[in-house]
Amino acid sequence: MGTGSISVVILLVLVGGDTALSGGGEWQLLQKSIGIVGMHMQLLQNDRIVIYDRTDFGLSNLSLPNNRCRHNQREMVVTIDCTAHSVEYDVVSNTFRPLFVQTDVWCSSGSVSPNGTLVQTGGFNDGDRAVRTFSPCSPNATCDWIEFPGQLSVRRWYATNQKLPDGGQIVIGGRRQFNYEFYPNNDLLATQHIHSLPFLVQTNDIGAENNLYPFVFLNVDGNLFIFANNKSILFNYAKNVVVKTYPDIPNGDPRCYPSTGSAVMLPLKMLQDNNSYVEAEVLVCGGAPKNSFKYARAGRFFGALNTCGRIKITDPNPKWVMETMPKGRVMSDMIMLPNGNVLIINGAGSGTAGWGYARDPILNPFLYKTDNPIGSRFEVQNPTTIPRMYHSTAILVRDGRVIVAGSNPNKYYNFTNVLFSTDLSVEAFSPSYLEPAFNHLRPRIMSQFQDQLIYGQMLRVQFQVEAMLAQDLVYVTMLAPPFNTHSFSMNQRLLVLEKINVTKVFGASTYEIEVTTPKSPILAPPGFYIIFVVHQQIPSEGIWVQIL
Ligand SMILES: *[C@@H]1O[C@H](CO)[C@@H](O)[C@H](O)[C@H]1NC(C)=O
Ligand SMILES: *[C@@H]1O[C@H](CO)[C@@H](O)[C@H](O)[C@H]1NC(C)=O
Ligand SMILES: *[C@@H]1O[C@H](CO)[C@@H](O)[C@H](O)[C@H]1NC(C)=O
Ligand SMILES: *[C@@H]1O[C@H](CO)[C@@H](O)[C@H](O)[C@H]1NC(C)=O
Ligand SMILES: *[C@@H]1O[C@H](CO)[C@@H](O)[C@H](O)[C@H]1NC(C)=O
Ligand SMILES: *[C@@H]1O[C@H](CO)[C@@H](O)[C@H](O)[C@H]1NC(C)=O
Ligand SMILES: *[C@@H]1O[C@H](CO)[C@@H](O)[C@H](O)[C@H]1NC(C)=O
């Protein structure tokens, strides 16, 4: 037995899983402190990440420039605050600058509009009905948040947003809001602006809720798949009609806030040989067993759920297929990687979301290999040293790394005498596909698309690869960068583009792959996406495109 297999055996024993294999990946600390907690994150098309936390943690560790201060009598902790609660982090230069939010953005939601402007909705206290926009600007310019008070019909705290085919967004739920609305308000149902959603009443556990930040995905038929607590529906938002009710997830334990699991829509594959039919699957992982919240408040921390449920939401007779993770996890993020695999990262082994209600940080990400046979999909990755508990985030960037920030289970910025210190650092996890050992397989995209793409157009992407190209094992993916908070990545969507042809052009190692862009804005709502060429599971660095 070689040393390799010995380490595999040891790892299996340590994690106690049935399917765990030795992992890889590498961690890097990018910033010891950006001065704020990375509670919400969105990557924009200038490779910068807009990050914000809340305004009522007290003073942050980052001052606002030019002696600016926020004077706000309605603020709950400090009414004169000269610190920042938002930053713009530049991925390429690994630098950041403070941004200025005026009202409380705590536990809010958002989407990027088709022109690349981040449109954030809601929050808490004086910010619970506000809408704020952030338009990315050129390198040394100082663009900032613009606030539009009172734009929402009702307060939205812990709501989920989904971008729609018309480029607007739907804002669903929020604490004590069993309804939805649209922003901008070019309302499909006219006359009134809020529309009831009884499903959110049915999934509301008294005393625990378990239906906040519901998992919402735009299905390929234009309806919304909405998962809350242990239930899911297919919903026609334009007509306010439930089209289909899916079976409860087996065992019936809750998966949404505060029993926070996570969910992704698996890659949408546009297959040439299947007559434009696209199948959609959703994967829900982790969470906390029934009553966890009640017991966590009393100081008892139940082990987190170690199961995932996978369901074909387009199937006429859909059924959940259950899988077992190497370990239980709550408050983990699920990140779509460019090659279609899923990274499960951050979170804890017991307890729930909420102030100080979790224990046993899980430092090892799990890789979920989407197309492997069931039973051999999970791979435990190398650990970080920093617990990322409640209020932590993770997002993929163009170079294939996953940027991780945040963690604050305390009511204030609190660095001492607490179990899990408020964390202001930023780390990067580099999945093993970035290892130098794969350099020869890694495609390098030569093309750039300055012009906007349209739906159903042919796209020729030129790339180089050192090793001989395995034609069958090359494909092009297109990712919508999500808005991440509270373990859910809103609008996260990975499309595998229909492949027409691969040809060799001039040089020995230069190729051209011909693909078709998505055929409709239902498959890919308008806006900015990142395109990757993937070869034998190894993704290129991505390039930005805009489809309208
Ligand atoms: C934040 O500021 C406080 C007070 O100055 C200090 O004690 C703490 O170490 C700082 N934390 C970080 C992560 O910079
Ligand atoms: C981009 O869209 C946002 C939100 O829809 C809007 O507020 C903003 O004015 C637009 N920007 C430009 C430059 O058109
Ligand atoms: C931005 O500022 C940096 C540092 O002052 C400078 O080196 C760079 O040329 C500037 N870039 C632009 C586009 O003005
Ligand atoms: C789903 O949760 C509800 C409580 O919110 C419970 O009544 C129901 O039995 C659960 N479903 C299953 C399959 O256990
Ligand atoms: C191909 O299309 C049919 C419906 O026309 C669908 O039932 C089937 O699942 C599709 N196959 C794949 C691999 O997407
Ligand atoms: C941090 O938390 C500890 C324990 O709850 C408390 O004693 C302390 O006052 C807190 N510090 C701040 C700055 O809130
Ligand atoms: C692929 O493209 C090449 C070059 O344009 C062409 O000769 C070949 O017929 C194409 N093959 C297919 C299957 O379209």
Side-chain angles (χ1 to χ4, degrees), residues 29-38 42 44-46 50 53 57-63 78 82-85 87 96 98 110-121 130-138 141 143-148 151 161 163-164 166-171 182-186 219-221 266-281 311-319 340 370-371 386-387 405-408 410 412-418 420-427 452 483 495-496 498-499 523 525-528 546 548:
L29 183 65
L30 298 175
Q31 292 286 344
K32 262 194 185 137
S33 170
I34 54 167
I36 68 161
V37 175
Q42 171 75 55
L44 297 179
Q45 74 273 15
N46 56 359
V50 176
D53 57 12
F57 269 149
L59 301 178
S60 78
N61 279 44
L62 181 67
S63 297
V78 274
C82 307
T83 67
H85 296 282
V87 304
F96 60 95
S111 287
V112 180
S113 70
N115 70 8
T117 293
L118 170 59
V119 180
Q120 180 278 355
T121 57
V131 171
R132 304 161 189 85
T133 62
F134 182 91
S135 300
C137 51
S138 51
C143 47
D144 215 321
W145 288 101
I146 301 174
E147 303 232 353
F148 302 92
Q151 291 282 297
N161 297 18
K163 197 154 124 184
L164 299 174
D166 71 359
Q169 52 182 318
I170 186 170
V171 188
F182 300 94
Y183 191 86
N185 209 344
N186 43 5
N219 191 13
V220 295
D221 63 1
L266 291 173
L268 297 174
K269 295 179 181 167
M270 270 126 267
L271 303 175
Q272 192 182 15
D273 57 5
N274 209 12
N275 207 18
S276 294
Y277 177 85
V278 180
E279 193 167 72
E281 279 187 279
I311 190 166
K312 280 184 188 153
I313 64 171
T314 42
D315 197 303
N317 189 15
K319 287 187 186 66
T370 305
D371 290 332
I386 304 175
S407 190
N408 191 10
N410 313 305
Y412 305 106
Y413 287 86
N414 202 317
F415 303 102
T416 48
N417 302 322
V418 285
F420 300 104
S421 166
T422 301
D423 193 284
L424 309 181
S425 68
V426 176
E427 284 174 289
Q452 289 153 356
F483 178 97
L495 300 107
V496 182
E498 182 184 26
K499 176 167 144 187
L523 291 174
F528 285 90
Q546 187 186 23
L548 290 174

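As the structure lists them, so they are numbered: ligands from 1, and atoms in each ligand from 1. The residues of the chain are indexed from 1 along the displayed sequence. The figures here come from the full heavy-atom set of this structure, side chains too, leaving out hydrogens, waters and symmetry mates.
- The nearest protein heavy atom to atom 2 (O) of ligand 1 is closer than 4.0 Å.
- Of the protein's heavy atoms, T133 CG2, 4.4 Å lies nearest to atom 7 (O) of ligand 2.
- Looking at Q151, its side chain never comes within 3.5 Å of a backbone N or O of T121 through a donor-acceptor pair.
- Side chain to side chain, Q272 and E498 fail the donor-acceptor criterion of an N or O pair below 3.5 Å.
- Checked against S111 for a side chain to side chain donor-acceptor pair (under 3.5 Å), the options Q120, Q169, Q42, K163 give a single hit: Q169.
- Of all the atoms in ligand 5, the ones that sit under 4.0 Å from a non-hydrogen atom of E279 are 9 (O).
- The distance from the OH atom of Y412 to the OG1 atom of T422 is 11.5 Å, given to the nearest 0.5 Å.
- Ligand 5 has no N or O atom lying under 3.5 Å from any N or O atom of Y277, backbone or side chain.
- A side-chain donor from one of N408 and N410 sits under 3.5 Å from a side-chain acceptor of the other.
- Atom numbering of ligand 1 starts at 1 in the shown order; those under 4.0 Å from a heavy atom of S33 are 14 (O).
- Close approach of ligand 5 to L271 (heavy-atom distance below 4.0 Å) involves ligand atoms 13 (C).
- Residue, atom and distance of the protein heavy atom nearest to atom 13 (C) of ligand 1 are L424 CD1, 3.7 Å.
- Annotation: the span from T370 atom OG1 to L266 atom CG amounts to 5.5 Å, rounded to 0.5 Å.
- In terms of protein heavy-atom proximity, atom 11 (N) of ligand 2 is closest to N115 ND2, 2.8 Å.
- Remark: minimum distance from atom 5 (O) of ligand 1 to any protein heavy atom is reached at N61 ND2, 4.9 Å.
- For the residue pair S60 / D53, no side-chain donor-acceptor distance below 3.5 Å is found, with atom types taken as modelled.
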